[in-house]
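Atom set for the values below is all heavy atoms of this structure, side chains included, hydrogens, waters and symmetry mates excluded. A, B, ... follow the sequence lines: proteins, then strands. Residue 1 opens every chain.
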Amino acid sequence: MKTHPLTQAVDFAIVGSGAAGGVLARELSSAGFSVVVLEQGPRLTLADFEHDELKYWFDAGITNDVVKNPQTFRDDHAKRGERNMIRPSLCYARTVGGTTVHYTANYWRFREIDFEERSRRGSIAGTGFADWPIRYADLEPYYTKVEWEIGVSGLAGASPFDPPRSRPYPMPPMPVKSSGVLLERGARKLGLHPFPAPLAINSQHYRGRPACIHCGFCQGFGCEVSAKASTLTTMLPEAEATGRCEVRSESYVVQVVADKRGRATGVRYFDRDRRERLQKARAVILSANGAETPRLLLMSANNRFPQGLANSSGLVGKYLMFNYTARTHAVFEHELNEFKSVQCSRVVFDFYDSDPQRGFYGGGGIDSRIGPQPIVWADRIGEEGASWGSAYKARLMEFTRTMQVASHGTSLPLETNSVELDPELKDAWGMPAMRVTY
Amino acid sequence: MRKPDLDTYSRRAVLRVMCALGGAWLTLDLAKVVHAAPFLSAAELADVDAIAAQIIPTDATPGAREAGVVEFIDRALATVFARMARDFRSQLSEFRLRCRVQYPDVPSFAALPRQQQIEFLQQVERTPFFERIRLLTIIGMFAMPKYGGNRDGVGWKLLGFQDQHLFQPPFGYYDRDYAG
């Protein structure tokens, strides 16, 4: 495998190996450029991906670690940030492949409206509500390209709300689950339009990766057979096969280094032995997710750019946005066994679009979704009704007959929602911790 | 792993007694019989066990006690959840103090009659301590048995969860012969 020397500038140093970094590594190395991908987390193999809920949901088996990578959180700028010692406030996969390793692999496309919502709906006071600089039509060829390269299962044309597509999905949808059947029947009765959930999970053998074995451990877990597409098992091996790309794991970038003209010349990072290293590069790409990318720009402040890099606007780290979720549970007469197979098999998008008549901004999808695996499920059902005692235990025993319906929607961009450097707390490498205000 | 010293050994004996006697041991003043523990003391263990047993009680089916939740919590606070240990102990002390103030004639939460235990927990169910011990109880009930809880998979059996890697459709009753 290719190893690039530190002292010789590579064409591109890419920080982060997830959805963006992994794809860029493949595209750039295939185009003939020399590339080093620096990933702060370790490189895991399929054999590492156990069904260990404690490890992966509560002990940083894949994610950032509340001890080594601490964060503080506050809901108000007047408050001091507090540490959460159970799970990080902003949780992401800290491993080669990034969040594509532990995501649920829902793979629906944005719709035309998402790109031009501000123009079509008007401004909203006090927010940064804006259009995208591109339109759906600009992205469509890339949606198609990625669906065919990594493998997406779905049924084109099944949803009347589907944006135009130039090709169908490369694989048929995943088998429907009992929750999908119940959602579909109920939704149709109400005149809604449920359709098979598009998933980046193989419903059949695809480009060297096997079909899903329905083990049920997608959300929050790495796929033990690589039926779920991740950059770890698709893009990065292809990038490495070019002979021009090196993926350097356990390499924690802490600064983009700039020359006297203010141009990036490389990145400073800690290697796995905590030795400080400098990788020279002609260009640096930051693809370290929506929270660590602004943190790195802020940590890269220098005399010339005291506010951090790329921050003449002062907006780096501002307008942090999440997709919100809401969920509820229902119990049926017979077994559903939601713990088996993919997390979601049917979706309803009838309420996706914002509707001013509702009196609030935003819409979203509704789906039947596994409420993940035992520990998290048992915790979450306590959100409604009894959360401990005999009545709670009776609800636990309804596990196999319980269905969760989840909705997922957008949030408005507010300048006060932000990622900054905590003024006091440091991480295990002595770097400023992330402070989240939301 | 900890070295099996005298303290650990006697704590193990306590834990065995707890399991063997079910509710009957509540009348014993365990703190007097046993040495201080490497993490939780015998008295703390007794209270944690009693709280966990109210969160997921034992009735016709096994509960937190049969799953070994108290052993899990004690071990986890010294290992995988060491990061929570200090807060947990101070919150537990507050809990125990509050209980003593409210019931001055009873030596500990564990020694309260069942109904009073439930009433007291209802008063504190919104505290960070209760939320934490509730989550630890759930984790101890349903985590992989290698962490010391979910003994013999009793937690998974209670749910009907099957720990295996390969399933095939139909997955449940409603997706059988579904034409779509």
K.L.:
Keeping A:T95 on the side-chain end and A:P42 on the backbone end, is there a donor-acceptor pair under 3.5 Å?
P.N.:
yes
K.L.:
Quick check, are the ring centers of B:Y103 and B:F109 under 6.0 angstrom apart?
P.N.:
no
K.L.:
With chain B, which of A:T400, A:V67, A:L396 has the greatest number of heavy-atom pairs at distances under 4.5 Å?
P.N.:
A:L396
K.L.:
Among B:I56, B:I55, B:L159, exactly one meets side chain to side chain contact (heavy atoms under 4.5 Å, CB included) together with B:M141. Which residue is that?
P.N.:
B:I56
K.L.:
Is B:Y147 close to chain A through its backbone or its side chain, or both, or neither, when contacts mean heavy atoms under 4.5 Å?
P.N.:
side chain
K.L.:
Is the distance between the ring centroids of B:Y173 and A:F332 less than 6.0 Å?
P.N.:
no
K.L.:
Go through the atoms of A:K393 and report whether side chain, backbone, both or neither lie under 4.5 Å from a heavy atom of chain B.
P.N.:
side chain
K.L.:
With a 4.5 angstrom heavy-atom cut-off, could you sort out which part of B:Y178 is near chain A: side chain, backbone, both or neither?
P.N.:
side chain
K.L.:
More than 12 heavy atoms of other residues, nucleotides or ligands under 6.0 Å from NZ of B:K146: is that the case?
P.N.:
yes
K.L.:
Which bit of B:T61 is near chain A, if near means a heavy-atom gap under 4.5 Å: side chain, backbone, both or neither?
P.N.:
both
K.L.:
What part of B:F72 gets closer than 4.5 Å to chain A, counting heavy atoms only: side chain, backbone, both or neither?
P.N.:
side chain
K.L.:
Is the charged tip of B:R134 near the ring of A:Y392: under 6.0 Å from the six-membered ring centre and within 45° of its axis?
P.N.:
yes
K.L.:
Is it the side chain or the backbone of B:R176 that comes within 4.5 Å of chain A heavy atoms, both, or neither?
P.N.:
neither
K.L.:
Might you work through the side chain to side chain contact (heavy atoms under 4.5 Å, CB included) test for B:E125 and A:W388, ending with a clear yes or no?
P.N.:
CA-CA 9 Å; B:E125 68 180 354; A:W388 60 277; 2.6 Å; yes
K.L.:
Is there a side-chain contact between B:I51 and B:F95 in this structure, where contact means two heavy atoms from C-beta onward sitting under 4.5 Å apart?
P.N.:
yes
K.L.:
Measure A:R188 against the heavy atoms of chain B and call it side chain, backbone, both or neither at under 4.5 Å.
P.N.:
side chain
K.L.:
Do you know which of A:D379, A:D59, A:T402 has the most heavy-atom pairs with chain B at a distance under 4.5 angstrom?
P.N.:
A:D379
K.L.:
A:H102 vs A:Q219, test: side chain to side chain donor-acceptor pair (under 3.5 Å). Steps then yes/no.
P.N.:
CA-CA 6 Å; A:H102 81 161; A:Q219 185 180 2; over 6 Å; no
K.L.:
Quick check on A:W57 against chain B: is it the side chain, the backbone, both or neither that has a heavy atom closer than 4.5 Å?
P.N.:
neither
K.L.:
Is A:F217 close to chain B through its backbone or its side chain, or both, or neither, when contacts mean heavy atoms under 4.5 Å?
P.N.:
side chain
K.L.:
Under 3.5 Å, side chain of A:S178 to main-chain N/O of B:Y174, donor-acceptor pair present?
P.N.:
yes
K.L.:
Just checking, is any N or O donor in the side chain of A:T328 or A:E384 under 3.5 Å from an acceptor N or O on the other one?
P.N.:
yes
K.L.:
Output the option from A:I86, A:V176, A:N337 having the highest count of non-hydrogen pairs under 4.5 Å with chain B.
P.N.:
A:I86
K.L.:
So for B:E131, is it side chain, backbone, both, or neither that comes closer than 4.5 Å to the heavy atoms of chain A?
P.N.:
neither
K.L.:
As an exercise: rank A:E338, A:E398, A:Q373, A:K340 by heavy-atom pairs under 4.5 Å with chain B and give me the winner.
P.N.:
A:K340
K.L.:
Counting heavy-atom pairs under 4.5 Å to chain A, which of B:T137, B:D87, B:I138 comes out on top?
P.N.:
B:I138
K.L.:
Side chain, backbone, both or neither: which part of A:V225 has a non-hydrogen atom closer than 4.5 Å to chain B?
P.N.:
neither
K.L.:
For chain A, find which of B:L166, B:I139, B:I118 contributes the most heavy-atom pairs closer than 4.5 angstrom.
P.N.:
B:I139
K.L.:
Most heavy-atom pairs under 4.5 angstrom with chain A, which of B:F130, B:F142, B:F167?
P.N.:
B:F167
